[in-house]
Amino acid sequence: MLETKYDHKKVETGKYDTWKNNGYFKCGDTSKEPFTIILPPPNVTGKLHLGHAWDVSIQDIVARYKRMNGFDVLWVPGTDHAAIATEAKVVKKLKSEGINKYELGRDKFLDACWDWTREYGGNIRGEWAHMGCSLDYTKERFTLDDYSVNAVNKVFIDMFNKGLIYKGKRIINWDPEAKTALSNEEVIYKDTKGAFYHIKYYIEGTDDYLDVATTRPETLFGDTAVAVNPKDPRYKDLIGKNVIVPIVNRIVPIIGDMHADMEKGTGVVKITPAHDPNDFEVGNRHNLDRIVIMDETAHMTEETGKYKGYDRFECRSELLKELEDKELLIEIEDIVHSVGYSERTDVMVEPYLSEQWFVKMDQISKDLINMQQDKDSKVNFYPKRYEKTIIQKAEECYDWCISRQLWWGIRIPVWYKDDEMVASVESPGEGWVQDPDVLDTWFSSALWPFSTLGWAMEDKSLFERYFPTNFMSTGYDIIFFWVFRMMFQAEQFTGKNPFKDCYMHGLIRAKDGRKMSKSLGNGVEPIDMVEKYGADSLRYYLTTNSAPGLDLRFDEDKLTSTWNFINKIWNASRYTLMNIEDIKEIKFNNLSFSDKWILTKFNSTVKQVRKNMDRYEFQNVGSELYDFIWSDFCDGYIEFSKFNTDNEGTKSTLLYVLTGILKMLHPFMPFVTEEIYQMLPIKNCDSIMIDSYPVYDKKLDFKETLELMNSVREFITKTRTYKKDNNIGKDCKYTFRCSGDKEIENLICNVLKLDIKNIAYQEEIDTLEKLVLDYNNNDFSANIEFYYSISLEDREKEKEALNKQKEVLESQIARREKLLSNPGYVNNAPKELVEEEKNKLENEKKELETVLWKLK
RNA sequence: GGAUUCUUAGCUCAGUUGGUUAGAGCAUCUGCCUUACAAGCAGGAGGUCAUAGGUUCGAGUCCUAUAGAGUCCACCA
């Protein structure tokens, strides 16, 4: 027997290991159709946050749903080495021990990284277990294992040989703290307080100067020109003349270039080709020198003279003093402008001239766009608008900087000897030196959908069976980092898209709508929520409380409501189990009206739920199930069944519907549904997770009963309201007639507790005052009269109520008559709707008649 | 500058291909410890669906504009 209260801790203990040990998470039944999901790999040393909890819940729901629908489901777990993040942590740790990364050397540093990974890695596995994720651990991968490394090498070498990967000297985004290049996606732009510094650049041989406005005065050491717009009447005559760069006193030309915007600043812009991407382009057009004035740690080089060794910010403040002293500073204008910061280290990104590896994107992007235009081969996004986002990204693509000046990662498989350069995993021979850099973590992540399946391994059987994958779920924040790149790499190397459906969920925010962050201290740990409410509650809450692609404000009160819902299910199960203990088999004979009604309702719920599950509309599934279980099954059917517990058909219906409810809920609430399933007197399988998902059953669809019972329920509610409005107590004498079967009459009397002792005698009918409630619907009508001595006051109250009712009815009738006399509506609207309107109008008219009669 | 999302009850959110009386949770009011559940039951109250136009027989839903809020991309000397 179940306890009276649901205890999530008790329920969730032990089940995960049982499932896992019984092999329910493993794929491999080749008699079934495969269905593959690849888990987006979290940072190996990271921990589960609410966003992950949401993400894995969605995937587990799909995995369990598909498994119950007869698919051979493979859900691949894995983790990511997270190059920059991990390396930064290890560097910090070593530093605290007084060890410098470079002094330690590459090999020993990597050992330290592996130690770190082993020490802090693997926690995430326990968290997947807490959440109930049905992952196939026999296929677990890591971005630095052979599956991944082999694929990365193979892809890199192939792209290198095709010319899709090249090495180039460019201005890239540089993180001076991590001392590595970054891709454009890894730069976060933030509004920052700064200033326009107006500096005098004297025109050579004159006392005139140009007012040059810059936000970064310290870069003047690298100036090799000053540009004006060739159409700018203010300055066009100056083109060809020279100016003197202040402090360094370098003579540089005034050039005409469209880059100079007449509207912006003073219309004069200093050109620093080695420290600004736009200036770099200008420099190329005008053949300007590139003077590097900062090193890899953003400290000034010897080009800056006495400022050598200064940090970039120190240099700025000292330089400004000097400019002021020398009366070269015209003014300082405060502005707010957006400045790039490193996604990982949060330091200000420095545009930096260096040699890096790039993926050439133009053709690849075109291939992606073509693929997306083909209905059969494209990725279906949920919600659909992300298809457009992807296409837009592809259209405005720029080359992807993939080299990182780090050690923790997959090393670039390129070897050098003198002027020669060869791409190869192994050294081509004596005297060859490998490129020191590693690849962007996202380069390996991009291959994840096929690398994990053994695409670059000898045994390709998994790849052949389970690729392309079926379902991908992730937050919209990494669409460019990851989804886009997975798509083009799979297209380039497998000729197919990596997944058929891609579900994008939003971000989790704090209750007030702000982002959850450490600095605000408003973060919520999913594991704490699991502890407090159970994984079942958390999963259901996260997945049914928002529409696809939209953010979710985390609200613990709603989690409580979800817990209450589970407690409700628990108690409905408790009731059911108490009443079906002796059942031998499910037999639908001698079904009562209410049995037929709930079976019909159940059937239509199954239909709706399946439809929405197939479209990943989980919020709809959630409300369908909530409504059916709470309003129909518990408040409606269970109450009816209480007067019918000896009936075999009713027992069968209770068990059948409860079993179906558990199965439909199982993908959302795996633990509690398994707990209750195990107590069912009749069940097909050892575990609910290997049982089948409910299907619509035509034999159990009783449409007429549905309508009749809806009327009966409406009558019951109306009677209750009526009694309450008129202060009619339990002992009031009554008479009752209804059009339905004797069974219906009994049901109503039972539910409304119309005590047989209180039926009014003829004498009472003749002498006492009465209150009458008439109910008319085309398939059911009922009349109930209550007899008692009525006061004048009550009589007035009743009259008032009737008048109000009259008004409402009259306006409704008028509205409906107008509607039905509109030929446009009658001709164009669906016939059933028109019929229904007509019926309603009829009933309202009848009702109005009674009200009018009573008023007399 | 380009794209995109949101604006629905006091609060947080649902609302399928347009179908006429817009739903839920929480909060609130009334009455109930009825033996599955008081973390519950029964019955209420609460909304001119941001604004203004348009399409349509019919608009929360489609179109246009406006206002406010958010996000992404590009630019930012």
Side-chain angles (χ1 to χ4, degrees), chain A residues 2 4-6 184-185 189 191 194 196-197 212-216 219 226-227 259-261 264-272 276 278-279 282 335-340 383 385-386 388-389 392-393 396 398 476-477 479-480 506-507 509 511 513 541 544-547 549-555 557-558 560-579 608 611-612 615 617 619-620 622-623 626-627 630 634-635 638-639 642 716-717 720-725 727 753 808 812 815-816 819 822-830 832-834 836-837 840:
Chain A
L2 269 60
T4 53
K5 269 199 172 82
Y6 161 58
N184 295 13
E185 285 74 17
Y189 285 90
D191 278 347
F196 263 139
Y197 301 95
V212 177
T214 177
T215 53
R216 308 196 56 206
T219 61
V226 166
H259 167 62
D261 187 337
K264 250 184 204 168
T266 55
V268 186
V269 55
K270 63 192 216 50
I271 302 297
T272 321
D276 180 281
N278 287 311
D279 293 4
V282 176
I335 55 159
V336 172
H337 62 147
S338 109
V339 175
R385 62 173 179 274
Y386 287 106
K388 204 174 162 187
T389 312
Q392 265 174 2
K393 168 75 179 177
E396 59 176 42
Y398 32 77
Y476 62 70
D477 52 327
I479 188 163
F480 300 139
L507 304 179
R509 297 177 173 278
K511 201 178 174 180
Y541 163 67
T544 62
N545 272 280
S546 73
L550 297 184
D551 290 350
L552 177 68
R553 289 195 196 194
F554 189 80
D555 184 350
D557 291 343
K558 285 197 178 185
T560 310
S561 307
T562 305
W563 191 96
N564 290 346
F565 177 44
I566 299 179
N567 189 51
K568 188 76 185 175
I569 296 161
W570 181 265
N571 273 290
S573 305
R574 185 165 179 268
Y575 168 85
T576 303
L577 292 170
M578 281 163 61
N579 285 288
Q608 285 301 314
K611 189 173 126 195
N612 284 306
R615 297 191 305 198
E617 298 275 354
Q619 78 288 2
N620 290 349
S623 45
Y626 190 96
D627 198 46
W630 205 308
C634 296
D635 295 345
I638 284 184
E639 293 307 317
K642 284 179 179 170
I716 289 168
T717 301
R720 282 169 173 160
T721 314
Y722 191 79
K723 282 176 83 176
K724 186 154 183 160
D725 287 351
N727 270 323
K753 300 198 170 85
V808 172
Q812 281 182 356
R815 191 185 58 81
R816 243 184 267 280
L819 183 68
N822 177 350
Y825 175 75
V826 178
N827 295 334
N828 294 316
E832 304 93 63
L833 273 174
V834 179
E836 211 179 309
E837 288 296 324
K840 279 181 184 166

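Proteins get letters first, then strands, A, B, ... in listed order; numbering begins at 1 in each. If you're wondering where the values come from, they're calculated on a predicted model, not measured in any experiment.
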Are any side-chain N or O atoms of [X] and backbone N or O atoms of [Y], one a donor and one an acceptor, separated by less than 3.5 Å?
{"X": "A:D276", "Y": "A:T272", "value": "no"}
{"X": "A:Y541", "Y": "A:D555", "value": "yes"}
{"X": "A:N571", "Y": "A:N567", "value": "yes"}

Without decimals, in angstroms, what is the distance between [X] [atom1] and [N] [atom2]?
{"X": "A:Y541", "N": "B:rC26", "atom1": "OH", "atom2": "P", "answer": "14 Å"}
{"X": "A:I479", "N": "B:rU5", "atom1": "CD1", "atom2": "C1'", "answer": "14 Å"}
{"X": "A:K558", "N": "B:rA24", "atom1": "NZ", "atom2": "C1'", "answer": "8 Å"}
{"X": "A:Q619", "N": "B:rA24", "atom1": "CD", "atom2": "C1'", "answer": "13 Å"}
{"X": "A:N727", "N": "B:rG31", "atom1": "CG", "atom2": "C1'", "answer": "10 Å"}
{"X": "A:D725", "N": "B:rG31", "atom1": "CG", "atom2": "P", "answer": "14 Å"}
{"X": "A:N564", "N": "B:rC37", "atom1": "CG", "atom2": "P", "answer": "15 Å"}
{"X": "A:N567", "N": "B:rG25", "atom1": "CG", "atom2": "C1'", "answer": "16 Å"}

Same-atom distance ([atom1]) from [N] to [M], integer angstrom:
{"N": "B:rU8", "M": "B:rG46", "atom1": "C1'", "result": "14 Å"}
{"N": "B:rG54", "M": "B:rA14", "atom1": "P", "result": "30 Å"}
{"N": "B:rA39", "M": "B:rC26", "atom1": "C1'", "result": "13 Å"}
{"N": "B:rG60", "M": "B:rG15", "atom1": "C1'", "result": "8 Å"}
{"N": "B:rA22", "M": "B:rC13", "atom1": "C1'", "result": "14 Å"}
{"N": "B:rA52", "M": "B:rA59", "atom1": "P", "result": "15 Å"}
{"N": "B:rG18", "M": "B:rU30", "atom1": "C1'", "result": "39 Å"}
{"N": "B:rC6", "M": "B:rC62", "atom1": "P", "result": "9 Å"}

Name the closest nucleotide to the [X] side chain, picking from [options].
{"X": "A:K5", "options": "B:rC41, B:rC76, B:rA39", "answer": "B:rA39"}
{"X": "A:L550", "options": "B:rC37, B:rC6, B:rG43", "answer": "B:rC6"}
{"X": "A:R574", "options": "B:rG19, B:rC72, B:rC37", "answer": "B:rC37"}
{"X": "A:E396", "options": "B:rA77, B:rC73, B:rG70", "answer": "B:rC73"}
{"X": "A:N620", "options": "B:rU16, B:rA74, B:rG70", "answer": "B:rU16"}
{"X": "A:T215", "options": "B:rA77, B:rG43, B:rC73", "answer": "B:rA77"}
{"X": "A:N571", "options": "B:rC75, B:rU5, B:rA36", "answer": "B:rA36"}
{"X": "A:W563", "options": "B:rA39, B:rG70, B:rA14", "answer": "B:rA39"}

Sort out the partner of [N] for me: Watson-Crick or G-U wobble, both distances under 3.5 Å, none otherwise.
{"N": "B:rG25", "result": "B:rC11"}
{"N": "B:rC62", "result": "B:rG54"}
{"N": "B:rC32", "result": "B:rG40"}
{"N": "B:rU17", "result": "none"}
{"N": "B:rG47", "result": "none"}
{"N": "B:rU4", "result": "B:rG70"}

Donor-acceptor pair under 3.5 Å: do we get one between [X]'s side chain and the base of [N]?
{"X": "A:K388", "N": "B:rU4", "result": "no"}
{"X": "A:S546", "N": "B:rC13", "result": "no"}
{"X": "A:R615", "N": "B:rU16", "result": "yes"}
{"X": "A:E639", "N": "B:rA36", "result": "yes"}
{"X": "A:K568", "N": "B:rC37", "result": "yes"}

What contact category does [X] fall into here, base, sugar-phosphate, or nothing, at under 4.0 angstrom with non-hydrogen atoms?
{"X": "A:A547", "result": "sugar-phosphate"}
{"X": "A:S338", "result": "base"}
{"X": "A:Y386", "result": "nothing"}

For this session: Determine, stepwise, if the pair A:V339 / A:R216 fulfils side chain to side chain contact (heavy atoms under 4.5 Å, CB included).
Result: CA-CA 11 Å; A:V339 175; A:R216 308 196 56 206; over 6 Å; no
For this session: Describe, in one word, how the ring planes of A:Y476 and A:Y386 are oriented to each other, choosing from parallel (under 30°), tilted (30 to 60°) and perpendicular (over 60°).
Result: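 Parallel.
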Exercise. How about A:D557 and A:K511: do any of their side-chain heavy atoms sit closer than 4.5 Å?
Worked result: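 Yes - at least one pair of side-chain heavy atoms lies under 4.5 Å apart.
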Exercise. How far apart are the C-alpha atoms of A:F196 and A:T215, what are their side-chain angles, what is the distance that settles it, and do they pass the side chain to side chain contact (heavy atoms under 4.5 Å, CB included) test?
Worked result: CA-CA 5 Å; A:F196 263 139; A:T215 53; 3.9 Å; yes
Problem set entry | Any A:Y189 side-chain N or O less than 4.0 Å from OP1/OP2 of B:rC73 |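 Checking A:Y189 against B:rC73: no side-chain N or O falls below 4.0 Å of OP1 or OP2.
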